[in-house]
Amino acid sequence: GTQTFQSKLASVHVDFNSCRGINNRNNDLWAYMARLYYQGDITPQQFGEAGRIITNTDCVEATKYELNKKQLTPGYDHDISTWTKVAGRDDMFDGHPFGREAFNSAFFENSLTKPSD
């Protein structure tokens, strides 16, 4: 019969060739890819794809995950019942334009955010 065995990786040694990037940024993969692009060795599409792969830290996905865990959504839910319409055009125009005094009264004197005396 055949014999089987199990093993466990305890240590890893990696050899790599250092790379010279743009602006003396050596051993930086993105800077190396930029150098290849500026030398004409790779296309703009190749540089763009490599850049997205190299620099993608999944920050957007991590943010969505953490917000979902807390049952939060980005943005702000405005309470439109507290709004005061002061002007409108096109479909929002109701035929009653505010003059300067009426605007100041609606916006400053009668608003929920008016300064307290």
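A distance of 8.0 Å separates CD1 in I54 from CG in D28, rounded to the nearest 0.5 Å. Atom CE of M33 and atom CD1 of I53 lie 8.5 Å apart (nearest 0.5 Å). The distance from atom OG1 of T43 to atom CG of L36, rounded to the nearest 0.5 Å, is 11.5 Å.
Pairs passing the salt bridge (Lys or Arg N to Asp or Glu O under 4.0 Å) check and including a residue from residues 30-56, sequence neighbours excluded, do not occur. Within the structure, the ring-ring contact (aromatic ring centres under 6.0 Å, His included) test picks out no pair touching residues 50-73 (sequence neighbours left out).
The side chain to side chain donor-acceptor pair (under 3.5 Å) search around K69 returns E66, not counting sequence neighbours. Residues passing the ring pair (Phe, Tyr, Trp, His ring centres under 6.0 Å) test with Y37, sequence neighbours excluded: F47. Every side chain to side chain contact (heavy atoms under 4.5 Å, CB included) that D79 has, sequence neighbours left out, goes to S81, T82. Take R20 and apply the salt bridge (charged side-chain N to carboxylate O under 4.0 Å, His left out) test, not counting sequence neighbours, and it matches no residue.
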Donor-acceptor pairs under 3.5 angstrom involving side-chain atoms of residues 1-11: please list them, not counting sequence neighbours.
none

